[in-house]
Amino acid sequence: MKVEHRLRENRDFRRVFNRGRSSATDKLVLYWARNRGSNFRVGFSVSRKVGNAVQRNLIKRRLRACFDRFLPELLGKPADFVVVCRKNASQATYQQLENDVLRLLKRAKFMI
RNA sequence: AAAGUAAGCUGGGCAAUCGCCGGUGCAAGGCCGAAAGGUCGCACGGGAGGAAAGUCCGAGCUCCAUAGGGCAGGGUGCCGGAUAACGUCCGGCGGGAGCAAUCCUAGGGACAGUGCCACAGAAAUGAAGACCGCCGAUGAAGGUGCAAACCUUACAGGCAAGGAUGCAACGGUGCGGUAAGAGCGCACCAGCGGCCUGGAGACAGGUCGGCUAGGUAAACCCCACCUGGAGCAAGACCGGAUAGGAGUGCACAUGUGGUGGCCCGCCACGCACUCGGGUUGGUCGCUGGAGCAAUCCGGCAACGGAUUGCCUAGAUAGAUGAUUGCUACUCCGCUGUGCGAGGCUUGGGGUGUCCCUAUGGAACAACAAUUUCAGAGGGACACGGACAAUCCGUUUGCAGCACUGGAGCACAAAACUCGGCUUACAGGCUUGCUUUCCAC
RNA sequence: GGCCCCAUGGUCAAGCGGUUAAGACACCGCCCUUUCACGGCGGUAACGGGGGUUCAAGUCCCCCUGGGGUCA
């Protein structure tokens, strides 16, 4: 995932949490908000309650791989996303995570 | 072979496609940015661990003075060595556990001082003290006696052996000794001190001596040694912005800060509060090092030395993921086959009981009959194990092969870098030693 | 990533190394009241885990576990 698609600053995260809208499944929560740029950005938040460092890193890598797959359809849409993981996300396979991300993006009307 | 014990190694493998993060070479222009700087192309090659973890110690490195003096505080604590250093490691000593291999051991000082030792107990450290108890030699009172002496009382007094308390009671056991006792004397044992021998030393062995000294220092403490503080969010550089403001208070070195325990010393300088304003960009530090591997040499070992070869992550919301094939290991299910085991049936054989047949012996004086015993043959019923054949079934349990399908595959991820310690860990492999058994 | 702190009933919390580990709120039972509340009496319930020092550990030492704080 390229640098311009990453959400990096703490104030950006806070802005998405405060101003944005949200939707959730049992494993993931998606927050989104419009931004002033010309492209989308994504940030991931996995707390220590989800698991140890190995499990948290694995989840983040898999979520990044999900967004890589949906990259062509998201390209050019000016929005910031934050994906928050819930506890049972540590047991999920890649396919389950991808299904959840797709459902959430459809619900947020960013994908058809 | 089994049981045990110690140490070491490994931590699935081979590939394909799409992505992520560094590096090297070529190319030299575009894009982003105010700038510093970043990014984009092609090719090649690289990309988590033994604990990367916990952050418990030690070092390098950086800043504070080149890290200085004193006090306080903290740490370590048998001896010798290794090391850059250590609370680590190696070798030994003492003590403890084990048949043994081996393992454990914060293991200096309790005559420098202070504190504490609850409850119980007479008494918990001062050579003090006596509840039950022992004694009545000596003294006293009484009695018997001519006297010597003996008896009684347990009053004066003597004792600490035995009982009782407790984690612990002022050396232990035995003999002598005594009125009863006591290191009072002796022997052995434990402990203490001196001397001798061995050893580098901790210490060990021997000998002599006086006869005896509670525990606790992971209580304060004493002694010896070590220790300045902070930490890569350290710190350095580049670029930008704002500001060199306003008000109030203190002050001219006796002040404030650096300096984060205090004092001295050193360095720098007006300082504190309120109001107002601004920044939270980039690069370096950042990976060639007390580095790794092999061989040889020195050393019991930790480790050291020499030669040759090798380069092996460097992110910053934080780089390893997705899809797929083959394969190793473990488990589960299904199908088929064989073996073993189970069940049914049949066959021959066995044992027991009953009946029949003939024979022989015994009981009655004899014969017959009867009763009883023995083995033989035949029949019926029952029994359980083994053998052979056939069939059934794979429900339960065991072993192996092939095929197909599924699941699992530990603990856990660098964040400046090393040396250790501690903790977590599926499975697999190797080696040494000890004890017991078996075979030769 | 570095550096610190804490852990005692359901909750908030005391506790020099020495009895049966205070206390408050909550909970349960009884009394009081026509009833509820208030009040009174009684009761249940705890030292995060594992080693070590000590005669004796909630307390002292070491190692884990789980919470919390802080930095530019």
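In what follows, chains carry the letters A, B, and so on, assigned in the order in which the sequence lines appear, proteins first and then strands, with residues in each chain numbered from 1.
Side-chain N/O atoms of A/R61 include none lying less than 4.0 angstrom from OP1 or OP2 on B/rA322.
Rounded to whole Å, atom C1' of B/rA322 lies 14 Å from atom CG of A/N99. The OH-P distance, from A/Y94 to B/rU323, rounds to 6 Å in whole Å. If you measure from atom CG of A/L58 to atom C1' of B/rA322, you get 11 Å, rounded to the nearest angstrom. Rounded to whole Å, the distance from CZ on A/R64 to P on B/rU323 is 16 Å. Between the NZ atom of A/K60 and the C1' atom of B/rG19 there is a distance of 18 Å, rounded to whole Å. In this entry the distance linking CZ of A/R56 with P of B/rA52 reads 19 Å, nearest Å. With rounding to whole Å, A/N57 atom CG is found 13 Å from B/rA322 atom P. What separates CD of A/Q96 from C1' of B/rA322 is a distance of 15 Å, to the nearest Å.
The separation of B/rG298 from B/rA200, taken at their P atoms, amounts to 24 Å, rounded to a whole angstrom. Spacing of C1' atoms, B/rC425 relative to B/rA52, comes out at 15 Å, to the nearest Å. Taking atom P on both B/rA122 and B/rC132, the two are 10 Å apart, rounded to the nearest angstrom. The gap from the P atom of B/rG270 to that of B/rU24 amounts to 48 Å, rounded to the nearest Å. Spacing of P atoms, C/rU53 relative to B/rG183, comes out at 36 Å, to the nearest Å. One C1' atom belongs to B/rC411, the other to B/rG11, and the distance between them is 10 Å to the nearest Å. Comparing B/rA190 with B/rG95, their C1' atoms sit 16 Å apart, to the nearest whole Å. B/rG342 and B/rC398 are spaced 16 Å apart, taking the P atom of each and rounding to whole Å.
Nucleotide B/rU165 forms no Watson-Crick or G-U wobble pair with any nucleotide shown, as no partner meets the under 3.5 Å limit on both distances. Pairing for C/rG66 goes to C/rC6, judged as Watson-Crick or G-U wobble with the two contacts each under 3.5 Å. In this entry B/rU114 has B/rA219 as its Watson-Crick or G-U wobble partner, both defining distances falling under 3.5 Å. Judged by Watson-Crick or G-U wobble contacts below 3.5 Å, the nucleotide B/rG22 has no partner. As the counterpart of B/rC89, B/rG81 is assigned, both hydrogen-bonding distances of the Watson-Crick or G-U wobble pattern falling under 3.5 Å. In this structure, B/rA230 forms a base pair with B/rU62, meeting either the Watson-Crick or the G-U wobble geometry with both donor-acceptor distances under 3.5 Å. Base-pair partner of B/rU153: B/rA140 (Watson-Crick or G-U wobble, both distances under 3.5 Å). Judged by Watson-Crick or G-U wobble contacts below 3.5 Å, the nucleotide B/rG12 has B/rU327 as its partner.
Two residues are said to be in side-chain contact when any heavy atoms from C-beta on lie closer than 4.5 Å; A/L104 and A/V83 fail this criterion. Between A/D100 and A/D26 the shortest side-chain heavy-atom distance falls below 4.5 Å. When side chains are defined from C-beta on, A/F44 counts as touching A/F67, because their heavy atoms get closer than 4.5 Å. The shortest side-chain heavy-atom distance between A/L28 and A/C85 falls under the 4.5 Å cut-off.
Taking the syn range as angles within 90° of 0, the glycosidic angle of B/rA48 is syn. Glycosidic torsion of B/rG8 falls outside 90° of 0, placing the base in anti. A syn orientation is assigned to B/rU312, its glycosidic angle lying within 90° of 0. Syn is the conformation of B/rG22, whose glycosidic angle sits no further than 90° from 0. In textbook terms, a nucleotide whose glycosidic angle is within 90° of 0 is syn, while B/rG247, being further out, is anti.
Closest non-hydrogen pair, A/L97 versus A/R62, comes out as CD1-CB, 4.0 Å. Taking every heavy atom of both residues into account, A/R69 and A/Y94 meet most closely at CD-OH, 3.1 Å.
The residue among A/G43 and A/Q95 whose nearest nucleotide of RNA chain B is located toward the 5' end is A/G43.
From A/R61, atom CZ reaches atom CZ of A/R56 across 12.0 Å, with rounding to the nearest 0.5 Å. Atoms NZ and OG, on A/K106 and A/S23 in that order, are 13.5 Å from each other to the nearest 0.5 Å. Summarising the geometry, atom CG belonging to A/L63 is positioned 10.5 Å from atom CD belonging to A/E98; distances are rounded to the nearest 0.5 Å.
Looking at A/R86, its side chain does come within 3.5 Å of a backbone N or O of A/T25 through a donor-acceptor pair. Of the possible polar contacts, one joining the A/R107 side chain to the A/A24 backbone as a donor-acceptor pair under 3.5 Å is found.
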Between protein and nucleotides 405-412 of chain B, what N or O pairs are separated by less than 3.5 Å?
none

Pairwise N/O distances under 3.5 Å, protein to nucleotides 64-70 of chain C:
none

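The aromatic rings of A/W32 and A/F110 sit perpendicular, their planes meeting at an angle over 60°, well past the 30° parallel limit.
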